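Okay, so here's the structure we're looking at.
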Amino acid sequence: MKKINFAFILICVLFLSACSGQKVIEWNGETEYYHLTLIYDETNMYETAGQVDYIFIGTVDEVLDNAVDYNTSNSMDAYSRYAITVEENLKGELTENIECYRHGGYLSDGTLLYPRSDRSENTRDIPQEGKTYIFMAFGQSDGELILEEFSGDIEYIDEGQKEMYMDYIENEIPKEQESFISKYDVDYTN
């Protein structure tokens with residue numbers, strides 16, 4: 001009888017830990033890159049500002065998932081996910097509490113996996129809990145938000161930085177592709 005109870009408890013513990021869904025991994029100091037080709041020049045911030053649907057200042061409340069796996073068929077396994085409080089909308093109008101996805105994160109061994117292109121290479125860490133960033137995000141057809149790959153999460157330093165982004169927005173080079181409204185947009189209706 002004790003064997004059955006122990007086995008049952010072990011199965012329950014393993015099941016519950018597998019269902020927790022939250023995967024947060026610490027960086028081991030190593031970085032690995034994958035190549036990404038964009039349809040715009042990600043080094044031109046006026047063009048980048050024109051491509052994204054939302055630009056906002058926000059604080060990361062929680063890292064919901066930063067473990068990535070590029071060896072599965074589920075494309076969402078290639079994204080990190082964050083709970084963010086929107087402090088100020090600069091382009092577009094998002095509600096106060098949102099979630100965002102971003103390409104890249106940590107492999108199971110703690111190696112940071114990040115995109116690079118022919119023009120740009122990320123050299124910073126992914127967003128951290130408690131820090132404030134200027135975020136640039138694309139609305140998706142399913143209502144989700146995905147951060148821009150190269151400038152989507154720049155740590156917010158001061159008001160001068162905000163003024164610089166306002167210049168990017170006011171003089172943006174508009175995109176020619178379809179835009180989607182996020183389910184976190186204040187004007188979103190089902």
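Treat the numbers as computed from the prediction; the structure is a model and nothing was measured. The residues of the chain are indexed from 1 along the displayed sequence. We use all heavy atoms of the structure for the numbers below, so side chains are in, but hydrogens, waters and symmetry mates are not.
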Any donor-acceptor N or O pair under 3.5 Å, side chains Thr48, Glu148: no
Glu176: salt bridge (Lys or Arg N to Asp or Glu O under 4.0 Å) partners, not counting sequence neighbours: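 With neighbours one apart ignored, the set is empty.
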Same hydrophobic cluster for [X] and [Y], using side-chain heavy-atom links shorter than 4.5 Å among ILVMFWY?
X	Y	result
Phe180	Leu94	no
Tyr33	Ile25	yes
Ile55	Tyr40	yes
Val63	Val86	yes

Atom pair OG/CD of Ser179 and Gln51 - distance to nearest 0.5 Å: 9.0 Å
From CG (Asn66) to CG (Leu113), nearest 0.5 Å: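 Between Asn66 CG and Leu113 CG, I get 12.0 Å after rounding to 0.5 Å.
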Over all heavy atoms of both residues, which pair between [X] and [Y] is shortest? Give the atoms and the distance, please.
X	Y	value
Asp185	Asp187	OD1-N, 2.8 Å
Pro127	Val60	CB-CG2, 3.9 Å
Tyr54	Gly92	CD2-CA, 3.9 Å

Salt-bridge criterion met for Asp53 and Lys175 (N-O under 4.0 Å): yes
Test: Glu88 and Lys162 ion pair at under 4.0 Å: yes
For Glu96, all residues meeting side chain to side chain contact (heavy atoms under 4.5 Å, CB included), sequence neighbours excluded: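 Residues passing side chain to side chain contact (heavy atoms under 4.5 Å, CB included) with Glu96: Thr85.
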Pairs satisfying salt bridge (charged side-chain N to carboxylate O under 4.0 Å, His left out), at least one member in residues 24-33, at least two apart: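 Passing the test, one end in residues 24-33: no pairs.
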Ring-ring centroid check Tyr156 Tyr133, cutoff 6.0 Å: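 They do not qualify: ring centres at least 6.0 Å apart.
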Side chain to side chain, Ile146 and Tyr79, heavy atoms closer than 4.5 Å: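 Yes. Closest side-chain heavy atoms under 4.5 Å.
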